[in-house]
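Structure, as structure tokens:
If you're wondering where the values come from, they're calculated on a predicted model, not measured in any experiment. A note on names: the letters A, B, ... follow the listed sequences, proteins ahead of strands, and every chain is numbered from 1.
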Amino acid sequence: MARLTLSALRKSYGAHAVVHGVDLDVADREFIVLVGPSGCGKSTILRMIAGLEEITSGSIAIDGRVVNEVDPKDRDIAMVFQDYALYPHMTVEQNMAFSLRYRGFAKAEIRQRVAAAARMLDIETLVARLPRQLSGGQRQRVAMGRAIVRDPKVFLFDEPLSNLDAKLRVAMRTEIKALRQRVPVTTVYVTHDQVEAMTLADRIVVLDKGTAQQIGTPEEVYETPASTFVAAFMGAPPMNLLPASLSGEGAVELPGGTRLQLSGASSSRLDRAPSREIWFGVRPEHLVPARDTSKAEIVAKARVVEPLGSDTMVQFDLGGVALIARMPPKSVRAPGDPLAFTMDPHDVHVFDRASGRRI
Amino acid sequence: MSTRAILTSRFFVVPAIAIATLIAWNLYVAAHAHGEVSGKVVRADGAPARGATVILYERNLTSHFLEKTRTTTDAAGEFRFKDNRSHQIRLDTIGPDGRQGQPRILRLWFAAQDVDLRRPLVVSPSKN
Amino acid sequence: MRRRSHILRHLVMALVCALMLIPFYWVAKTAVTNENIYAYPPRILPLKPHLYNFVDVWYLIPFARYFANSVIVSLIAVAGNIVFNAAAGYALTKNFAGKRIVVLLFLSCMLIPFQATIIPAYLVSARLGVLNSYLGLALPLLSTIVCIFVFKAAFEAIPASLQQAARIDGLGELRILFRIMLPLAKPAIATNIILSFIWSWNAFLWPLIITRDVTMQTLPLGLARFLAYVEDTTGALYAFVCMVLLPGIIVFLMAQKEFIRGLTSGATKG
């Protein structure tokens, strides 16, 4: 049970900086997901927390104790690696007991902890096996079991599901979530998969090029993305982003000549825009099919229709920009069908064109 | 690695067999190394040669045989040495009449091995 | 058709094997007879084979003593090779200042033949006071550069995450080496055992120089002594050769699977 504090954390390899000052305060028992594309520095941050990478500047504190110079073994953390890093020459039981043996636990205590973890993860029948005799999902469980028996202050997960096939990944994701409710420990979880981030996190840290673009709950990140990067990264399919311009009094001019009137709070925000040039963003599910074509804000023709069963994804062009809309099933059948959408002014996003920041 | 895996690995089994064989061999040697060489001397016609002299030679490093000891056969033509220490010996015989028999070289499996000659030594071989 | 080519290939390989084994066969054959090796025409099958030549060897020289000396020296050399080479190889997988120079030094030292270093080696041994001792006999063989690189290549093939997991699990570098890396580098260990065993078992020049007492001599020296003392002992000489070779062959046969894997993995990675 511990708090984890990163302040102005930086990492550079020679002149090449990969983490540019990240601040993060992880509350006790909070589940934080670091998400971003490859090369955004998320794994480096995790490895700095683990003590596997030197910290260039800034500090990491666990429960108020700065651990910059503390050995990994003395930080009281446990880590689940992308490739699980199970010791191939030891059985499941030995793998799970290994760290306890070097921490001076009594044999009975070790046995009891390993048995409890094995029961929790439903791998009791596998304890005598070697890692190579296990499937990917079973190895994943053992790797988590090895972390659980330690009862550490902080759990670290480094893309734990990325080596699994799609179906198993979904199953394991659910299991991690369920496990999380039984073992509520401060956790930092790294992934490049925004679905994992959304489903697991208490708070998400969206990283790009070594800086935190946004830190917030999944809802905040999804509903009020702080930048075009976050907007495009979180959500599948990603948010539609169109180059647009402000024409005063809460009006937005979209490509193709469409004018959209924003009202209320959103329109007053627009006055603070540094420039008239903006990105206009709307999520595919917020393009609402209009009952009355004459009142529609966007009128177009379907270009590609992708029925998914539960929804139908429709691609269309607006003033030369490709957009995508999530529509009810069977509402559009074939390319060339006419489309008409309205938008709720509360569901649209406006970003500064130059900085990409939310307005 | 479990004890069982170690015990069944060839890195344990082969040396273990080697050591076991060695111990068994040494026990056998210890039980049969009294230096007793016994046999019988007969005349050419097969009758026991009483009073024949049997000389025991031992081989030394430079491949020569040196006389170690000698004895005389009893009424049944039998003789017995009790202090052979070599692994390669030669037995010469001289009949009561002073004629030399055919010398016999014995190569033993270990020094001072107890041997009982199956084929008797023959003195005064007939020269038909 | 395919099956026939398979058989054919095996036949050819068996033939080549037989060709390679002829010298061994000849040694063994001569050892169980007393045949002159220059006899013409040569006899393929031994005539009246017997094992007494081995008995002769046993008693003509203090074979047991030499054998024990050889075994002790080889065990020290093998143990030293595993411990020191593994430690050095593990260190070389890490990044540290001057690593390139160290590697360069290692590689250039491989070019120096042992004969060239024998005088300094002798002086060092004398200063350490290990002349005429088992440790002194094994000392120059305690670590070999080739085997350091065999270990380095083997360790580099082990995923780095295992080391990191072990560090988080609370192991120091030495324990990581002996608990995690070595058990996963069995082919490299086998390679080390075989190579260092053969080298120390066959060593002649160094034992010749460093031993003073006859009782401290090893088997190769015994062979030389044997030749000097005993003339006209073709059979006994070959029997002696067999007795010297046998332990090496046994060790090789026991570890050959790992040995070959170790050499090839070292070849592709290092």
Side-chain angles (χ1 to χ4, degrees), chain B residues 1-30 32-33 35 37 56-66 68 83-91 104-115 117-119, chain C residues 32-34 48-64 67-68 71 74-75 78 82 178-180 182-184 186 189-190 193-194 197 214 222 225-237 239 243 246-259:
Chain B
M1 198 188 271
S2 72
T3 323
R4 190 192 154 84
I6 291 171
L7 289 183
T8 53
S9 91
R10 57 192 180 285
F11 293 99
F12 176 81
V13 171
V14 174
I17 290 175
I19 289 169
T21 316
L22 204 68
I23 291 171
W25 173 246
N26 275 292
L27 288 176
Y28 178 83
V29 167
H32 294 86
V37 179
L56 175 83
Y57 294 87
E58 284 185 350
R59 189 189 154 153
N60 71 357
L61 191 65
T62 44
S63 69
H64 293 298
F65 287 100
L66 292 176
K68 163 95 184 193
D83 50 359
N84 169 41
R85 289 278 152 260
S86 176
H87 68 285
Q88 191 169 354
I89 53 175
R90 197 179 80 194
L91 296 174
R104 167 116 31 115
I105 292 177
L106 290 179
R107 305 190 75 170
L108 309 179
W109 289 112
F110 47 89
Q113 183 187 357
D114 300 335
V115 264
L117 297 184
R118 290 234 184 85
R119 232 160 15 93
Chain C
V32 294
T33 62
N34 263 330
K48 286 200 256 169
H50 60 80
L51 294 173
Y52 292 110
N53 287 330
F54 293 90
V55 183
D56 284 354
V57 173
W58 185 266
Y59 288 111
L60 289 180
I61 56 159
F63 187 88
F67 187 86
V71 167
S74 294
L75 284 181
V78 166
I82 291 173
F178 286 105
R179 293 291 164 121
I180 308 292
L182 272 184
L184 296 176
K186 278 190 195 138
I189 297 177
I193 290 176
I194 291 183
F197 179 82
V214 171
R225 196 157 97 100
F226 192 70
L227 278 174
Y229 280 179
V230 191
E231 303 145 27
D232 185 29
T233 51
T234 316
L237 177 64
M243 289 160 84
L246 200 62
I249 291 174
I250 289 175
V251 170
F252 175 78
L253 287 181
M254 282 197 297
Q256 58 156 339
K257 204 169 75 188
E258 281 85 358
F259 174 60

Does the pair B/V37 and B/L91 meet the rule for a side-chain contact (heavy atoms from CB on, under 4.5 Å), with working shown? CA-CA 10 Å; B/V37 179; B/L91 296 174; 4.2 Å; yes
Proximal component of C/I193, with respect to chain B [non-hydrogen, under 4.5 Å]: neither
For the backbone of [Y] and the side chain of [X], can you confirm whether one donor and one acceptor N or O come within less than 3.5 Å of each other?
X: C/Y59; Y: B/A111; answer: yes
X: B/R107; Y: C/H50; answer: no
X: C/N53; Y: C/T33; answer: yes
X: B/R90; Y: B/Y57; answer: no

B/H32 and B/F110: which non-hydrogen atoms are nearest, and at how many Å?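 Reported closest heavy-atom pair: O-CE1, 3.6 Å.
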Which heavy atom in B/R85 sits nearest to a heavy atom in B/E58, and how many Å separate them? N-OE2, 2.9 Å
Using a cut-off of under 4.5 Å for heavy-atom pairs, which of C/I250, C/L253, C/D56 has the most such pairs with chain B?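 Top count of heavy-atom pairs under 4.5 Å with chain B: C/D56.
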Part of residues 15-28 of chain B lying next to chain C, heavy-atom separation under 4.5 Å: B/P15
